[in-house]
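Here, residue 1 is the first one in the sequence, and each next residue gets the next number.
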Amino acid sequence: MVKAEDAIQTAAVTEFVFTGFPHLQEGGLLFFILLVLVYLFIIIGNLMVFFAVKLDSRLHTPIYFFISVLSFLEIWYTTTTNPKMLSNLVSEQKIISPAGCLLQMYFFHSLGITEVCLLSTMVMDRYLAICHPLRYPTIMTSQLYTQLTLGCCFCGFFTPLPEIAWISTLPFCGPNQIQNIFCDFDPILTLACMDTGTIVLIKVVDIVHATEIITAIMLVSLAYVCIIAVILRIQSADGHQKAFSTCASHLAIFLIFFVSVALRFSAKYSFFWDILDFIRFLLFTF
């Protein structure tokens with residue numbers, strides 16, 4: 001009998017169960033309907049932005065190129081978690097396979113990091129356009145902004161790869177309940193059949209992620225200090241308004257992005273995540 005129980009405890013986990021979802025009788029159906037509507041609006045809206053930029057030659061400028069790439073990334077960033085969340089809201093079995101969990105973690109973090117890098121690149125573009133308007137056309141060439149975008153993608157898709165590869169080698173033998181509504185590093189690591197708290201790789205990756213976020217915030221803050229200083233030296237009211245309108249939407253998008261990310265990590269489930277994504281979409285369409 002003891003051997004049988006030990007075998008059960010050491011058996012490899014074949015699926016994970018999400019425990020952060022409300023049941024249908026607890027309002028899950030209402031969340032499902034609202035989330036479907038917001039999700040469809042985000043997808044359709046971002047597709048409209050993407051194709052509008054591609055088809056209108058007047059929008060073939062660096063900032064609109066970045067916006068179209070951001071729209072494309074946002075479609076996949078939202079799709080990484082939302083379809084599975086929607087199916088789990090109306091399903092009795094709120095499960096995901098280990099392979100599916102790893103893929104969800106990888107694309108969630110890689111796309112998120114890519115967006116952070118791209119948003120940081122966009123503020124550099126605005127800095128050049130406002131602080132160095134005469135040199136801007138010769139600096140921000142099509143070759144440069146394409147290289148910057150590829151660099152953002154490389155940084156985003158490479159950074160989480162070592163941790164994902166390492167997590168795939170961990171033994172999972174139970175329990176298999178994820179205290180969240182999507183797969184993420186911390187909830188998964190707590191389920192591993194070993195002590196992961198003393199592993200150096202985790203600490204290194206955490207430092208890398210923290211450095212990326214702090215660097216992005218510092219770059220954006222420094223750039224906007226310089227931008228505001230230049231704007232305040234502009235004599236005309238029209239010049240003030242035009243310069244501020246150029247940057248206001250990007251700054252709002254950047255702040256909302258980090259607020260939505262913070263909410264994702266601080267709460268098990270919040271419909272406001274996608275409301276914030278919806279607001280962010282509205283901001284960069286105007």
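Between the side chain of T169 and the backbone N or O of W166 there is at least one donor-acceptor pair closer than 3.5 Å. Looking at N46, its side chain never comes within 3.5 Å of a backbone N or O of E74 through a donor-acceptor pair. The main-chain N or O of K54 is found under 3.5 Å from a side-chain atom of H60 such that the two form a donor-acceptor pair. In this structure a side-chain-to-backbone donor-acceptor pair under 3.5 Å is present from S97 to G100. Between the side chain of T19 and the backbone N or O of Q177, no donor-acceptor pair lies under 3.5 Å. In terms of modelled atom types and a separation under 3.5 Å, the side chain of S87 and the main chain of K84 share a donor-acceptor contact.
Scanning both residues, P187 and I178, for their nearest heavy atoms gives CB-CG2, 3.8 Å. Closest non-hydrogen pair, I96 versus C183, comes out as CG2-SG, 3.9 Å. Summarising the geometry of C131 relative to V230, their closest heavy-atom pair is SG-CG2, 3.5 Å, with the distance given to 0.1 Å. The minimum heavy-atom distance between F66 and T121, with the atom names listed, is CZ-CG2, 3.7 Å.
Tracing side-chain contacts under 4.5 Å through hydrophobic residues (I, L, V, M, F, W, Y), one reaches L144 starting from V53; they form part of the same cluster. Cluster membership check: L40 shares its hydrophobic cluster with V49, using side-chain heavy-atom separations under 4.5 Å among Ile, Leu, Val, Met, Phe, Trp and Tyr. Both L37 and Y39 sit in one connected hydrophobic cluster of ILVMFWY residues. Membership requires side-chain heavy atoms under 4.5 Å apart, directly or through other members. The hydrophobic cluster containing V69 also contains F51, counting ILVMFWY residues as joined when their side-chain heavy atoms lie under 4.5 angstrom apart, directly or transitively. Criterion: ILVMFWY side-chain heavy atoms under 4.5 Å apart, direct or through other members. Under it, L111 and L161 are part of a common hydrophobic cluster.
Cluster partners of V17 are I95, counting Ile, Leu, Val, Met, Phe, Trp and Tyr whose side-chain heavy atoms approach within less than 4.5 Å, directly or via other members.
Going from atom CG of L102 over to atom CD1 of I167 covers 7.0 Å, rounded to the nearest 0.5 Å. Interatomic distance, I188 CD1 to C101 SG, rounded to the nearest 0.5 Å: 3.5 Å. Taken to the nearest 0.5 Å, the CG atom of L103 stands 10.0 Å off from the OG atom of S110. Going from atom CZ of F50 over to atom OG of S71 covers 8.5 Å, rounded to the nearest 0.5 Å. Atom-to-atom distance recorded for F18:CZ and M85:CE is 10.0 Å, nearest 0.5 angstrom. Between the CD1 atom of I164 and the CZ atom of F107 there is a distance of 10.0 Å, given to the nearest 0.5 Å.
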Run the side chain to side chain contact (heavy atoms under 4.5 Å, CB included) check on T61 and M140 step by step: do they pass? CA-CA 10 Å; T61 60; M140 190 58 69; over 6 Å; no
Where do L219 and V123 land on the side chain to side chain contact (heavy atoms under 4.5 Å, CB included) test, with the steps shown first? CA-CA 8 Å; L219 283 174; V123 77; 5.5 Å; no
Could you walk me through whether Y136 and D125 satisfy the side chain to side chain contact (heavy atoms under 4.5 Å, CB included) test, starting with their C-alpha distance in whole Å, then the side-chain angles of each, then the deciding distance to 0.1 Å, before giving a yes or no? CA-CA 9 Å; Y136 175 75; D125 174 81; 2.6 Å; yes
Applying side chain to side chain contact (heavy atoms under 4.5 Å, CB included) to L128 and R135, what does each step give before you reach the verdict? CA-CA 8 Å; L128 290 172; R135 298 175 58 194; over 6 Å; no
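Under the 4.5 Å side-chain criterion, counting only non-hydrogen atoms from C-beta, D184 is in contact with H109. T14 is not listed as a side-chain neighbour of P98, based on a closest heavy-atom distance of 4.5 Å or more. Residues I75 and I42 are not in side-chain contact: their nearest non-hydrogen atoms beyond the backbone lie 4.5 Å or more apart.
Applying the side chain to side chain donor-acceptor pair (under 3.5 Å) rule to pairs touching residues 139-149 yields nothing, sequence neighbours excluded. The stretch residues 55-71 participates, sequence neighbours left out, in these salt bridge (charged side-chain N to carboxylate O under 4.0 Å, His left out) pairs: D56-R58.
Between H132 and Y127, the ring planes are perpendicular. Angles over 60° get that label, and only those under 30° would be called parallel. The aromatic rings of W76 and F72 lie perpendicular to each other, with more than 60° between the two planes, well past the 30° mark. Taking the six-membered ring where tryptophan is involved, the planes of F182 and F108 are tilted, since the angle between them lies from 30° to 60°.
Within 6.0 Å of CE in M124 there are more than 12 heavy atoms belonging to other residues, nucleotides or ligands.
Here the two cysteines C152 and C117 have their SG atoms 2.5 angstrom or farther apart.
No donor-acceptor contact under 3.5 angstrom links the side chains of Y77 and T114, judged on distance only.
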